[in-house]
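This chain uses plain numbering: 1 for the first residue, then up along the sequence. Remember, predicted model here, so these are calculated numbers, not experimental data.
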Amino acid sequence: MRTLNEVPRRLVIAIGGNAVHPEDISGTSDEQKAVAQHTAEALLPLAELDNELVITHGNGPVVGKIMMRQMLTMSRIPPMSMDICVAHSQGGIGYLLMQAIENVLRAHGNGRHVASLLTQVEVDANDPAFATPTKFVGPFFTEQEAQRISAELNWKMREDSGRGWRHVVPSPKPKHVCDISLVDALVKRGTIVIAGGGGGMPVIRDERGVRTGVPAVIDKDLTSAHIANVLGIEELLILTAVPRVAINFGKPNKRELDQVSLAEIKAYHREGHFPPGSMGPKVDAAIRFLEGGGKRAIISHLNCAMGALTGETGTHIVP
């Protein structure tokens, strides 16, 4: 177990989409503000440290609702492209988190600043993900509701880990986080930076350097790993809805993982222990982060952020 003095001074924290918009809320503004407040209070022990801190967040539930809202009103209001929907979700979630974290800091006499950056992320136009949508967005539906929505809106719908049916969209891998130097400059002056929300707005760049948005939602954990690797940050904390990663999940022989090597987690992944719709993307990101030079990836519950960093809980994946 590490002590508080051993908590890393440079850190990327990735907050899951369901941590900013849980499944059990309808999504009113007051509910979203309350969730942001809870998230800010959970992160306060880390925000009060003298550290370089980058926070990323998911947007799956929110961007799906934005897309559904505009599809249901398309006869009156022209719908926006998917990359603009990602931008709307990134801006809205970033605003709520930025305000909540600063308010919690001020309540504890801390004047530290928080900045939320709209972040473009370049992807490969030929990424095979565009032909095979896999990223779940939006709320859950019954199979009958999913069939009706698919027919009405021409959306691809798929069953999500036994929890219901959801909309799936392309999820290409991040190649380059645009203006990453601005993130670096801000964190080095002590600002908490919220960046790469929802994986970032997906764009492609032509030979002249001109960027164009594309219809996709990038996995925020992969973008988080990429940001950490590029900035040379050696620890990545992925916060989700469980305290530890488990193998044989949902079975009598379920076992939670404490500390595990990169080789071991890759072997478990090959055996199919981490479904694509739940823990799979987080484990993928941890693997990519460590293979890119990271020293420790931690997966734990939002409410256990500090405990995970000091080694009291969480799954710690090391090279």
Is the side chain of [X] donor-acceptor paired with the backbone N or O of [Y] at a distance under 3.5 Å, no angle test?
| X | Y | value |
| --- | --- | --- |
| Thr212 | Ile204 | no |
| Thr132 | Ala129 | no |
| Ser150 | Ala146 | no |
| His108 | Val104 | yes |
| Thr191 | Arg189 | no |
| Arg9 | Asp50 | yes |
| Arg296 | Ile317 | no |
| Arg148 | Glu143 | no |
| His273 | Asn248 | yes |
| Glu159 | Gly162 | yes |

Please report the shortest heavy-atom distance between [X] and [Y], naming the atom on each side.
| X | Y | value |
| --- | --- | --- |
| Pro172 | Phe130 | CG-CZ, 3.8 Å |
| Ala14 | Asp221 | CB-OD1, 3.7 Å |
| Pro281 | Pro275 | CD-O, 4.0 Å |
| Pro215 | Pro170 | O-CG, 3.8 Å |
| Asn59 | Ser89 | ND2-OG, 2.8 Å |
| Asp184 | Arg10 | OD1-NH2, 4.3 Å |

Atom [atom1] of [X]: over 12 foreign heavy atoms under 6.0 Å:
| X | atom1 | value |
| --- | --- | --- |
| Phe249 | CZ | no |
| His176 | NE2 | yes |
| Asn154 | CG | no |

Can the positive tip of Arg166 be found less than 6.0 Å from the middle of the six-membered ring of Phe140, inside 45° of the ring normal?
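Flagged: Arg166 positioned over aromatic ring of Phe140.
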Under 4.5 Å between side-chain heavy atoms, hopping through other hydrophobics if needed: is there a path connecting [X] to [Y]?
| X | Y | value |
| --- | --- | --- |
| Phe289 | Ile218 | yes |
| Val260 | Ile287 | yes |
| Val137 | Val168 | no |
| Leu222 | Ile180 | no |
| Ile84 | Met68 | no |

Are the side chains of [Y] and [X] in contact, using a 4.5 Å heavy-atom criterion?
| X | Y | answer |
| --- | --- | --- |
| Val242 | Met279 | yes |
| Leu186 | Leu117 | yes |
| Glu271 | Ile247 | no |
| Met201 | Leu118 | yes |
| Val217 | Met82 | yes |
| Ser116 | Tyr95 | no |
| Ile13 | Leu46 | yes |
| Ile298 | Leu309 | yes |

Would you sort out whether Ile149 and Phe141 count as a side chain to side chain contact (heavy atoms under 4.5 Å, CB included), showing the intermediate values?
CA-CA 9 Å; Ile149 291 169; Phe141 301 96; 3.4 Å; yes
Euclidean distance, [Y] [atom2] relative to [X] [atom1], rounded to 0.5 Å:
| X | Y | atom1 | atom2 | result |
| --- | --- | --- | --- | --- |
| Arg69 | Ile77 | CZ | CD1 | 10.5 Å |
| Lys251 | Lys254 | NZ | NZ | 13.0 Å |
| Asn110 | Glu102 | CG | CD | 10.0 Å |
| His316 | Ser261 | NE2 | OG | 14.5 Å |
| Leu290 | Lys266 | CG | NZ | 10.0 Å |
| Glu52 | Leu231 | CD | CG | 9.0 Å |

Are the charged groups of [X] and [Y] less than 4.0 angstrom apart, N to O?
| X | Y | answer |
| --- | --- | --- |
| Lys295 | Glu234 | no |
| Glu122 | Arg205 | yes |
| Lys173 | Asp127 | no |

Taking atom types as modelled, find out whether Thr28 and Asp30 have a side-chain donor-acceptor pair closer than 3.5 angstrom.
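Result is no, nothing qualifies.
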For the pair Ile55 and Ile192, evaluate side chain to side chain contact (heavy atoms under 4.5 Å, CB included) and give the outcome as yes or no after the intermediate values.
CA-CA 7 Å; Ile55 297 174; Ile192 296 172; 3.8 Å; yes
Go through the steps to decide whether Thr73 and Gln70 satisfy the test side-chain hydrogen bond (donor to acceptor under 3.5 Å, both in side chains), and finish with yes or no.
CA-CA 5 Å; Thr73 60; Gln70 65 174 14; over 6 Å; no
Would Glu264 and Tyr268 count as a side-chain hydrogen bond (donor to acceptor under 3.5 Å, both in side chains) here? Give the steps.
CA-CA 6 Å; Glu264 289 171 322; Tyr268 289 138; 5.6 Å; no
Determine, step by step, whether Leu43 and Ile15 satisfy the side chain to side chain contact (heavy atoms under 4.5 Å, CB included) criterion, reporting the C-alpha distance in whole Å, the side-chain angles of both residues, the deciding distance to 0.1 Å, and the verdict.
CA-CA 10 Å; Leu43 297 180; Ile15 305 170; 3.8 Å; yes
Take Asp284 and Arg288 through the test salt bridge (Lys or Arg N to Asp or Glu O under 4.0 Å) and record every step on the way to the result.
CA-CA 6 Å; Asp284 286 336; Arg288 184 165 178 168; over 6 Å; no
Among Ile238, Thr315, Ile265, side-chain contact (heavy atoms from CB on, under 4.5 Å) partner for Val283:
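So the option named by the test is Ile265.
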CA sep, side-chain torsions, deciding dist, call: Val35, Ile25, side chain to side chain contact (heavy atoms under 4.5 Å, CB included)
CA-CA 9 Å; Val35 171; Ile25 68 171; 4.3 Å; yes
